[in-house]
Novice: 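The following block contains the structure, expressed as structure tokens.
This one's a predicted model, so the numbers in the text were calculated from it and none came from an experiment. Residue numbers begin at 1 in each chain, while the letters A, B, ... track the order of the sequences.
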Protein chains: 2
Amino acid sequence: MTIKEIAKLANVSLGTVDRVLHKRGKVSKETEERILAIIKKANYKPNMYARGLVLNKTYHIVAIIPSFKAGEYWEMPTQGILAAEKNLSQFGIKLTLLKFDQNSATSFEEKAKELLELKPDGVILAPVINFEAVKLTEKLKAANIPFNLIDSNLPDSGALSFIGQDAFQSGKLAAKLLCSETQKKGTIAIISVKKNENHNKTLQRRIEGFKDYLYTSKLINDITIVESNIHLSKNDWKKRLKEACNPNNDTIGVFVPSSLVHYVALHFTEDPQYFSKIKLVGNDLIPNNIKYLRSGVISYLIGQRPQTQGYLAMQNFYNHLILKQTPEEKRFLPLDIITQENLIYYDIEFSNIFNLA
Amino acid sequence: MTIKEIAKLANVSLGTVDRVLHKRGKVSKETEERILAIIKKANYKPNMYARGLVLNKTYHIVAIIPSFKAGEYWEMPTQGILAAEKNLSQFGIKLTLLKFDQNSATSFEEKAKELLELKPDGVILAPVINFEAVKLTEKLKAANIPFNLIDSNLPDSGALSFIGQDAFQSGKLAAKLLCSETQKKGTIAIISVKKNENHNKTLQRRIEGFKDYLYTSKLINDITIVESNIHLSKNDWKKRLKEACNPNNDTIGVFVPSSLVHYVALHFTEDPQYFSKIKLVGNDLIPNNIKYLRSGVISYLIGQRPQTQGYLAMQNFYNHLILKQTPEEKRFLPLDIITQENLIYYDIEFSNIFNLA
DNA sequence: ACTGAAAATGTGTACGTACACATTTTTAAA
DNA sequence: TTTAAAAATGTGTACGTACACATTTTCAGT
């Protein structure tokens with residue numbers, strides 16, 4: 001079913017049908033109704049190929065995300081973004097990646113300035129530096145540039161979509177995995193391992209969720225919670241880590257609400273007493289964590305499909321800019337429970353689903 | 001970069017470039033080399049829109065899968081297949097669904113005959129009736145029709161791809177969830193709930209994996225395994241179920257290696273003793289199972305992303321027929337661990353990822 | 001050098017849509 | 001009725017590719 005056929009059925013020209021389809025007006029009411037009826041009855045769907053050919057626009061997306069070293073968390077969302085670019089480039093979606101230093105607001109502002117000069121058709125923003133990110137969203141709104149938030153949300157920012165995880169629920173899940181099965185009484189250590197002083201809302205929400213689970217389920221009657229912050233940038237972090245979880249006290253579990261759990265795992269390997277007595281739960285399937293999950297030092301990892309997050313952020317723009325669909329406001333990805341027995345298929349999941357080499 | 005531009009650079013006509021691109025011959029060697037060099041240098045990629053427009057082929061895929069009532073397992077792969085059809089119809093992929101009765105080889109053979117008469121460009125086959133499925137694959141090979149296997153595999157069948165799960169690993173995972181945390185000694189019941197007498201390899205593999213985990217981990221020293229088959233088609237199934245898991249004996253856990261675990265869960269609700277004492281683990285996120293997971297009767301469900309399986313089976317044909325890519329031979333989907341705390345985001349996962357209303 | 005066939009190269013059209021522009025019809029005022 | 005503006009409708013071209021067909025060039029055999 002083509003525009004031509006519809007025109008013939010309605011006894012009008014292509015142009016009239018076209019005006020109806022695009023609501024350009026200049027069509028008499030009766031004609032319009034007749035054409036719309038035919039379109040509906042015939043279940044007309046525009047030919048994507050012809051439309052793409054004639055429009056032939058290239059849409060420029062800029063993603064502004066934290067820089068990373070190989071194996072660090074932000075490599076994963078980036079993989080997803082790049083995979084999407086590969087699949088969508090044939091439809092005219094082009095990508096520029098801008099990476100900023102998570103510890104430097106100045107770095108972010110520089111990149112944000114660069115971004116605005118590129119006048120992109122869409123922006124993917126990781127608002128890890130909260131205050132500066134808000135400033136950028138306001139400029140984007142003023143310039144009428146649609147943007148997607150990834151990883152963490154800025155409520156009422158006017159974003160097209162937020163794509164990420166429910167951090168509170170992630171914390172609850174961690175608590176369940178760490179505590180619900182052990183009938184033991186004892187101490188649970190929550191260790192926030194950080195690389196910098198940035199105020200990270202995600203970590204905080206995970207910890208809140210973790211505690212919420214314990215209080216709600218009454219497990220708190222048997223369990224003592226000890227919280228500590230370890231800043232890797234400080235010299236005494238190894239010493240502080242030792243204090244935070246000592247195998248000789250009654251610590252039965254450790255929760256590290258970030259991908260940096262492997263630092264604690266490394267510490268555990270130094271004394272076999274640790275991982276035989278203490279259960280360790282953390283977040284994210286980065287190579288270092290996978291290593292310790294495989295060897296049994298880490299009991300569970302909670303995944304949030306970061307590659308899929310990146311992929312969806314891009315696909316959102318495809319849906320919005322090309323298919324003219326309004327995306328959902330929030331997309332929470334599933335919280336995957338990863339353990340030795342199901343690790344393998346998560347490991348290869350991403351290339352599987354998105355058809356990469 | 002278009003064919004036109006390449007032609008101009010090479011000082012030849014469009015036709016000559018076209019002949020080189022499609023290896024139609026009738027081009028002098030020196031011209032061909034010159035053009036190929038330019039194509040390579042310019043990194044020419046054909047315009048998908050123009051190509052799709054001019055080829056304008058429709059590819060006809062037939063999926064032959066078990067029939068189902070609302071809420072039954074096979075509804076989920078079907079959802080994935082239909083979602084893919086919706087997204088891919090714009091590229092000329094059309095679908096016919098043929099549903100057969102799982103309990104009737106005759107029903108399958110009728111549908112298989114119908115399928116061959118349709119002379120499709122691709123087939124999605126759920127080989128749940130093993131022997132008849134093999135016969136069909138041979139006819140498909142003879143007719144040179146590519147096919148994908150879904151849910152369970154037929155080794156060396158000549159399929160384009162197998163898309164499914166690792167049933168053995170699924171069983172191991174179930175055992176870990178059911179036994180590893182409980183320090184208790186006791187009896188574990190493996191209950192194969194079945195609707196028919198079909199020999200189902202998947203159930204068997206799950207049970208093998210389950211036992212393998214117990215034996216390998218030495219948990220078997222404290223645990224007794226009791227296996228039983230419950231055929232829902234027989235009148236005495238309720239009585240048999242009561243015998244299989246009695247709260248008054250030392251049963252500490254029940255594993256039902258299929259989506260029919262909700263029958264056991266229903267039985268559990270009749271006596272609060274059951275679900276306070278016995279941990280129940282089963283497979284698949286069908287509505288009935290979700291209900292009991294939410295209410296706490298079922299402790300864990302293991303998911304295998306059936307919708308994604310269906311979607312991928314279709315996408316495979318898009319990749320193969322339109323993008324001319326060779327798909328991977330086997331695609332094992334991740335084994336998701338679902339519990340009360342992460343159920344919610346799995347529940348909405350599918351519409352999330354595949355962008356459905 | 002001339003011929004005819006083979007080899008090489010060029011040309012034209014179709015695919016379905018979007019949009020600019022041209023033409024026809026209707027309407028209201030003189 | 002005539003007329004000009006407004007409203008409605010029609011026409012033509014471009015997008016990049018694939019493929020059928022037309023034309024030109026090359027070259028062996030006379």
Side-chain angles (χ1 to χ4, degrees), chain A residues 1-40 42-59 88-94 121 318 321-325, chain B residues 1-39 42-59 88-94 321-324:
Chain A
M1 180 56 55
T2 68
I3 291 182
K4 212 180 191 174
E5 294 178 71
I6 289 170
K8 201 181 285 176
L9 285 172
N11 232 4
V12 293
S13 71
L14 295 181
T16 306
V17 178
D18 182 68
R19 273 183 290 270
V20 171
L21 282 170
H22 293 84
K23 295 171 189 167
R24 280 197 246 280
K26 303 193 177 177
V27 179
S28 72
K29 216 163 194 180
E30 44 185 344
T31 309
E32 178 167 12
E33 279 168 12
R34 184 158 37 100
I35 293 176
L36 283 175
I38 292 171
I39 287 173
K40 197 172 181 185
N43 190 27
Y44 167 78
K45 292 268 176 58
N47 182 312
M48 282 303 299
Y49 291 121
R51 164 174 282 174
L53 182 59
V54 68
L55 290 178
N56 193 27
K57 274 189 195 165
T58 70
Y59 297 93
L88 298 175
S89 66
Q90 57 183 328
F91 302 111
I93 300 248
K94 306 293 168 202
D121 303 292
Y318 168 74
L321 297 172
I322 298 181
L323 303 184
K324 310 290 181 196
Q325 294 174 355
Chain B
M1 179 57 55
T2 68
I3 291 183
K4 211 180 191 173
E5 294 178 71
I6 288 169
K8 200 182 285 175
L9 286 171
N11 231 2
V12 292
S13 71
L14 296 180
T16 304
V17 178
D18 182 70
R19 273 183 290 268
V20 171
L21 281 170
H22 294 83
K23 294 171 190 169
R24 280 196 248 278
K26 301 192 177 181
V27 180
S28 73
K29 214 161 195 180
E30 43 185 343
T31 310
E32 178 168 10
E33 279 168 11
R34 183 157 38 99
I35 293 175
L36 282 175
I38 292 171
I39 288 173
N43 189 26
Y44 166 79
K45 291 269 175 59
N47 182 311
M48 283 301 297
Y49 292 119
R51 163 173 283 176
L53 182 59
V54 70
L55 290 178
N56 193 28
K57 271 189 196 166
T58 70
Y59 295 93
L88 298 176
S89 65
Q90 56 184 332
F91 302 113
I93 301 249
K94 304 295 169 202
L321 297 172
I322 297 180
L323 302 183
K324 311 289 180 196

Novice: What distance do A:Met48 atom CE and A:Phe91 atom CZ have between them, rounded to the nearest 0.5 Å?
Specialist: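 These two atoms lie 7.0 Å from each other.
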Novice: Quick one: is C:dT9 close enough that its OP1 or OP2 comes under 4.0 Å of any side-chain N or O from B:Ser28?
Specialist: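 True: B:Ser28 side-chain N/O within range (under 4.0 Å) of C:dT9 OP1/OP2.
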Novice: Using OP1 and OP2 only, check whether a side-chain N or O of B:Thr16 sits under 4.0 Å from C:dG10.
Specialist: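 Checking B:Thr16 against C:dG10: at least one side-chain N or O falls below 4.0 Å of OP1 or OP2.
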Novice: Counting only side-chain N and O atoms of A:Tyr44, is one of them less than 4.0 Å from OP1 or OP2 of C:dT17?
Specialist: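 Looking at the OP1 and OP2 atoms of C:dT17, one of them is under 4.0 Å from a side-chain N or O of A:Tyr44.
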Novice: Look at B:Thr31 and C:dT9 and indicate whether a side-chain polar atom (N or O) is within less than 4.0 Å of OP1 or OP2.
Specialist: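 So the side-chain polar atoms of B:Thr31 do come within 4.0 Å of the phosphate oxygens OP1 or OP2 of C:dT9, strictly under.
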Novice: What integer distance in Å separates B:Asn47:CG from D:dT17:C1'?
Specialist: 8 Å
Novice: Specify whether B:Tyr49 and A:Tyr49 have parallel, tilted or perpendicular ring planes, treating 30° as the upper limit for parallel and 60° as the lower limit for perpendicular.
Specialist: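 Rings of B:Tyr49 and A:Tyr49: perpendicular, as their planes differ by over 60°.
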Novice: Nearest-nucleotide wise, let me know which of B:Leu53 and B:Asp18 is further upstream toward the 5' end of DNA chain D.
Specialist: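 Taking each residue's closest nucleotide, the earlier one in sequence belongs to B:Leu53.
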Novice: Does a side-chain N or O from A:Arg19 land closer than 4.0 Å to OP1 or OP2 of D:dT9, or not?
Specialist: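 No, outside the criterion.
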Novice: Does D:dG10 have OP1 or OP2 sitting under 4.0 Å from an N or O in the side chain of A:Ser13?
Specialist: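 True: A:Ser13 side-chain N/O within range (under 4.0 Å) of D:dG10 OP1/OP2.
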Novice: For B:Val54 and B:Lys26, find the nucleotide of DNA chain C closest to each by heavy atoms; which residue's nucleotide sits nearer the 5' end?
Specialist: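 Its nearest nucleotide being more 5', the pick is B:Lys26.
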Novice: Looking at C:dG10, C:dT17, D:dA18, which one has an atom nearest to any side-chain atom of B:Leu55?
Specialist: D:dA18
Novice: Have a look at B:Val20 and tell me which of B:Val27, B:Thr31, B:Ile38 forms a side-chain contact (heavy atoms from CB on, under 4.5 Å) with it.
Specialist: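 When side-chain contact (heavy atoms from CB on, under 4.5 Å) is applied between B:Val20 and each of B:Val27, B:Thr31, B:Ile38, only B:Val27 qualifies.
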Novice: C:dG16 phosphate, OP1 or OP2: any side-chain N/O from B:Asn56 under 4.0 angstrom?
Specialist: yes
Novice: Considering every strand and a 4.0 Å limit on heavy-atom distances, what is the contact class for A:Ile3: base, sugar-phosphate, or nothing?
Specialist: sugar-phosphate
Novice: Nearest nucleotide by nearest heavy atom, which residue falls closer to the 5' end of DNA chain C, A:Leu21 or B:Arg34?
Specialist: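 In this pair, the answer is B:Arg34.
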Novice: Taking 4.0 Å as the cut-off, does a side-chain nitrogen or oxygen of A:Arg51 come that near to OP1 or OP2 on C:dG16?
Specialist: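 False: A:Arg51 side-chain N/O out of range (4.0 Å or more) of C:dG16 OP1/OP2.
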